[in-house]
Number of protein chains: 2
Amino acid sequence: MTRKQAGRLDAEQAIAATDLEGFIGYNLKRAYVTVQADFRATLGEDGLGPRVFSALSLVVQFPQISQSELARMLGIERSGLVAIVDDLEGRGYLTRATVPGDRRVQALVPTPDGLGAYQSALDAVRQHEDRLLSHLTADEKQTLLHLLQKIRQSDREDKA
Amino acid sequence: MTRKQAGRLDAEQAIAATDLEGFIGYNLKRAYVTVQADFRATLGEDGLGPRVFSALSLVVQFPQISQSELARMLGIERSGLVAIVDDLEGRGYLTRATVPGDRRVQALVPTPDGLGAYQSALDAVRQHEDRLLSHLTADEKQTLLHLLQKIRQSDREDKA
DNA sequence: GCATATTGTTAAGTTGGTAAACGGTTTTCC
DNA sequence: GGAAAACCGTTTACCAACTTAACAATATGC
């Protein structure tokens, strides 16, 4: 075991000198996997998953939002959003309400339960990030946020 | 169209003030989606995908690495690596070589073709990141890399 | 030598999506 | 006013990228 573990540690240290470690993309993915796993662990088995939480967040902050609009904000297809909204509706956190002027759209309206669940989840998610990222200073977190948003901007320019 | 687009832009700007935008996790995911899409677009239809590229990178830099070791370095399960190695073997970029001392392991050895393909892919990936991230200064990229690696560290500590 | 661990692999399931098509509805544009 | 186009939510079929559990073959610890 000692011999094997020595080899293991050598390899892990060598990672630092690897081509791979120099790429933003690779590090983004690895970091995301780490954060996502901790998110799920913190919110628990039956808690909201990251995408459902994100959707609920936007529904709470933009009540009466349409599904198309929500999908666009989340950067996914309309068809992909259906299951997410079904989930939230199934939990009783929102309703699909008909809109007076336009019978195509269904406005997503958070229920009182949904509002309460969102506040709890919001607290839990903040706690998860605070704990997981306790190694980073407030400045570092702010910088990271800013840089990540800058990357997303590259995307919007391409599409424009 | 103008009215609709005005609504669209309002909503997009409003995102900046959203709970969601304050979370590292959400921004990590969105940024990763952006980068990954550009990676694939740059390397083309039949080019290497990000995970296959990553695997090849480690095989080139650690020739004779075992599949278990490679899986551990990539942070995935052994079973999940099989398809990736199959892909690389199918392209003729590596061979599964038997190892003298231990008949369980199969050392992954890059072929000359694999070495060449890796160098080309490496150039392409560098070009992709340089182009996509041209808004970021060298300093910003370095900072981002450092912060992302710091997040991955949180993970290793948990497991230790 | 026997129990235990490890390696690569398969099989089946899960997650988180996309693309294409649909019926129902609205808007556009002449 | 009416046809063509666009838009909304949805279903269906698909895909990628995993995971878990089991397996046979092999190696190791005591």
Visitor: What residues join A/V99 in its hydrophobic cluster, counting side-chain heavy atom gaps under 4.5 Å, either direct or through other members?
Guide: A/V105
Visitor: Once ring-ring contact (aromatic ring centres under 6.0 Å, His included) is applied, do any residues pair with A/Y32, and if so which ones, sequence neighbours excluded?
Guide: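 Per chain and number, A/Y32 pairs via ring-ring contact (aromatic ring centres under 6.0 Å, His included) with no residue.
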Visitor: Residues two or more places apart in sequence or in another chain: which of them pass side chain to side chain contact (heavy atoms under 4.5 Å, CB included) with A/R96?
Guide: A/Q67, A/V82, A/V85, A/D86, A/E89, A/Q106, A/L108
Visitor: Calculate the interatomic distance between B/R72 atom CZ and C/dT6 atom C1'; express it in whole Å.
Guide: 13 Å
Visitor: Mind calculating the distance between CG (A/L81) and C1' (C/dA19) to the nearest angstrom?
Guide: 16 Å
Visitor: Between the base of C/dT6 and the side chain of B/R104, is there any donor-acceptor pair under 3.5 Å?
Guide: yes
Visitor: Can you check the A/L108 CG to D/dG9 C1' distance for me, whole Å?
Guide: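 About 10 Å, once rounded to whole Å.
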Visitor: Choosing from C/dT9, D/dA27, D/dG9, which nucleotide comes nearest the side chain of A/S66?
Guide: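 Of C/dT9, D/dA27, D/dG9, D/dG9 is nearest to the side chain of A/S66.
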Visitor: Find out whether B/V125 and B/L48 are in side-chain contact, i.e. whether some heavy atom of one side chain is under 4.5 Å from a heavy atom of the other.
Guide: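 In short, these two side chains do not touch, never coming nearer than 4.5 Å.
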Visitor: Tell me: CZ of A/R103 to C1' of C/dG24, nearest whole Å?
Guide: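 Rounding to the nearest Å, CZ of A/R103 and C1' of C/dG24 are 9 Å apart.
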Visitor: Not counting sequence neighbours, which residues clear side chain to side chain contact (heavy atoms under 4.5 Å, CB included) with B/S120? List them please.
Guide: none
Visitor: May I have the distance from A/D86 (atom CG) to D/dT12 (atom C1'), rounded to whole angstrom?
Guide: 14 Å
Visitor: Reckon B/R78 touches a base, only the sugar-phosphate, or nothing at all at heavy-atom distances under 4.0 Å?
Guide: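 If one applies the 4.0 Å heavy-atom cut-off, B/R78 turns out to touch a base.
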Visitor: Whole angstroms only, please: what is the CD-P distance between A/Q67 and D/dC8?
Guide: 11 Å
Visitor: Can you tell me which residue pairs pass the ring pair (Phe, Tyr, Trp, His ring centres under 6.0 Å) test with a partner in residues 111-150 of chain B, sequence neighbours excluded?
Guide: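 Sorted result for residues 111-150 of chain B: B/F39-B/H128, B/F53-B/Y118.
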Visitor: Mind checking side chain to side chain contact (heavy atoms under 4.5 Å, CB included) for A/D87 and listing every partner two or more places apart, or none if nothing turns up?
Guide: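 If we apply the side chain to side chain contact (heavy atoms under 4.5 Å, CB included) test to A/D87, skipping adjacent residues, the hits are A/V52, A/R91.
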Visitor: Angle, rounded to 10°, between the helical axes spanning five pairs at each terminus of the helix from C/dG1-D/dC30 to C/dC30-D/dG1?
Guide: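 Axis angle across the helix from C/dG1-D/dC30 to C/dC30-D/dG1, nearest 10°: 30°.
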Visitor: Report yes if the side chains of B/N27 and B/L20 come closer than 4.5 Å at any heavy-atom pair, otherwise no.
Guide: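 Not touching, per the 4.5 Å side-chain cut-off.
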Visitor: If you restrict it to nitrogen or oxygen atoms, what contacts under 3.5 Å exist between nucleotides 16-18 of chain D and the protein, and what is each distance?
Guide:
| unit_1 | atom_1 | unit_2 | atom_2 | d |
| --- | --- | --- | --- | --- |
| D/dA17 | OP1 | B/R40 | NH2 | 2.3 |
| D/dA17 | OP2 | B/R51 | NE | 3.4 |
| D/dC18 | OP2 | A/K29 | NZ | 3.1 |

Visitor: Mind calculating the distance between CG (A/D102) and C1' (D/dA6) to the nearest angstrom?
Guide: 12 Å
Visitor: CZ of A/F39 versus P of C/dG16: gap in Å, rounded?
Guide: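 Going from A/F39 (CZ) to C/dG16 (P), I get 11 Å.
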Visitor: With a cutoff of under 4.5 Å between side-chain heavy atoms, which Ile, Leu, Val, Met, Phe, Trp and Tyr residues group with B/V109?
Guide: none
Visitor: Please classify the nucleic acid contact of A/S79 as base, sugar-phosphate, or nothing, using heavy-atom distances under 4.0 Å.
Guide: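 Base contact - A/S79 has a heavy atom under 4.0 Å of at least one base atom.
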